[in-house]
Amino acid sequence: MPVSTKLYSKGLYEYVERYNENEHIKTTNIVPVKKDQKFGVVLNFSSKISGVSKDDYTVVKVRWKIPDIKDKSGVRYQDVIYLRLPYAYGKHNIFYTLDQDYELVEGKWQLEVRTLEDQLLHTETFVTQKENK
């Protein structure tokens, strides 16, 4: 389904249990290297097809180009690619959380959101840095 996106927010986020949702903490492209740090974007989707309701879904490909990292067994990770099913209208979170020790590295993390037909909808680059720099 042809859709377009508009950036709603980007940067650092934190899950707030009492609200059962993620809260935007700071607008930035610099991400502190620390365990459980969540970063990414919230995109506002809208369909380019008339008659599509706010309850209809679309499919997008999400790709995180990540720094060249290895887990403790030596397996190398470079890209994370998956499909998402956002509503054709409305806000949708696309986050990455540094939840593994081997992800706690400095480097560039580039997010690409594309349609199934490979049309680029959004790109954003984040840089992880150790604090006190």
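Just the heavy atoms: all of them, side chains too, but no hydrogens, waters or symmetry mates, feed the values below.
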If you count every heavy atom of other residues, nucleotides or ligands that lies below 6.0 Å from Y19 atom OH, does the total exceed 12? no
Is it the case that one hydrophobic cluster holds both I49 and Y89, taking links as side-chain heavy atoms less than 4.5 Å apart, direct or via other members? yes
Check against side-chain contact (heavy atoms from CB on, under 4.5 Å), L43 and L121: CA-CA 10 Å; L43 297 177; L121 296 172; 5.8 Å; no
Using 0.5 Å steps for rounding, measure from the NZ atom of K130 to the OG1 atom of T128. 9.5 Å
In the single-linkage hydrophobic clustering (I, L, V, M, F, W, Y; side-chain heavy atoms under 4.5 Å), do Y96 and I69 co-cluster? yes
Can you find a pair of side-chain heavy atoms, one from V41 and one from L111, that are under 4.5 Å apart? yes
Apply salt bridge (charged side-chain N to carboxylate O under 4.0 Å, His left out) to K10 and list each qualifying residue two or more places apart in sequence or on a separate chain. E124
Could you check if a side-chain atom of Q37 sits within less than 4.5 angstrom of a side-chain atom of V31, using non-hydrogen atoms only? yes
Just to verify, what does T5 make a side chain to side chain donor-acceptor pair (under 3.5 Å) with, not counting sequence neighbours? none
The reported gap from CD in E117 to NZ in K61 (rounded to nearest 0.5 angstrom) is 8.5 Å
CZ of F45 to NE2 of H122, rounded to nearest 0.5 Å, is 10.0 Å
Are more than 12 heavy atoms, taken from residues, nucleotides or ligands other than Y8, located less than 6.0 Å from that residue's OH atom? no
What do the steps show when you test Q100 against D71 for side-chain contact (heavy atoms from CB on, under 4.5 Å), and what is the final call? CA-CA 9 Å; Q100 301 296 322; D71 68 12; over 6 Å; no
For T123, the option from Q110, E112, R114, R63 that meets side-chain hydrogen bond (donor to acceptor under 3.5 Å, both in side chains): Q110
Is it the case that the side chains of N20 and Y15 hold a donor-acceptor pair, with the cut-off being a distance below 3.5 Å and no angle test? yes
Is F126 reachable from F95 through a run of hydrophobic residues whose side-chain heavy atoms are each under 4.5 Å from the next? no
Closest non-hydrogen atom pair, V52 against S47: CG2-OG, 3.5 Å
Only counting residues at least two apart or in another chain, list the ones meeting salt bridge (charged side-chain N to carboxylate O under 4.0 Å, His left out) with R76. D68
Side chain to side chain, L12 and P32, heavy atoms closer than 4.5 Å: yes
The side chain to side chain donor-acceptor pair (under 3.5 Å) partners of D99 (sequence neighbours excluded) come to none
Do L98 and F39 touch side chain to side chain, with heavy atoms closer than 4.5 Å? yes
Using the rule that Ile, Leu, Val, Met, Phe, Trp and Tyr join whenever any side-chain heavy atoms are under 4.5 Å apart, tell me whether V59 and Y87 fall into a single cluster. yes
Check: N44 side chain, K6 main-chain N or O, donor-acceptor pair, under 3.5 Å: no
Do W64 and Y77 have side-chain heavy atoms sitting under 4.5 Å apart? no
Contact check, side chains of K34 and E131, non-hydrogen atoms, under 4.5 Å: yes
Any side-chain heavy-atom pair of L116 and L83 under 4.5 Å: yes
Give the cluster check for W109 versus Y13: same hydrophobic cluster or not, with ILVMFWY residues linked at side-chain heavy-atom distances below 4.5 Å. no
Return the set of residues passing salt bridge (charged side-chain N to carboxylate O under 4.0 Å, His left out) with K35 (not counting sequence neighbours), or none when no residue passes. D101
Does a side-chain heavy-atom distance below 4.5 Å link P86 with V60? yes
Test salt bridge (charged side-chain N to carboxylate O under 4.0 Å, His left out) applied to K108 - qualifying residues, sequence neighbours left out: none
CZ-OG1 distance between R84 and T58, expressed to the nearest 0.5 angstrom: 13.0 Å
Roughly how far apart are I25 CD1 and E23 CD, rounded to 0.5 Å? 4.5 Å
For N93 and V42, which heavy atoms make the closest approach, and how far apart are they? OD1-CG2, 3.3 Å
What heavy-atom pair brings Y102 and V105 nearest, and what distance separates the two atoms? O-CG1, 3.7 Å
Inter-residue atom distance K65.NZ - Q78.CD, 0.5 Å rounding: 11.5 Å
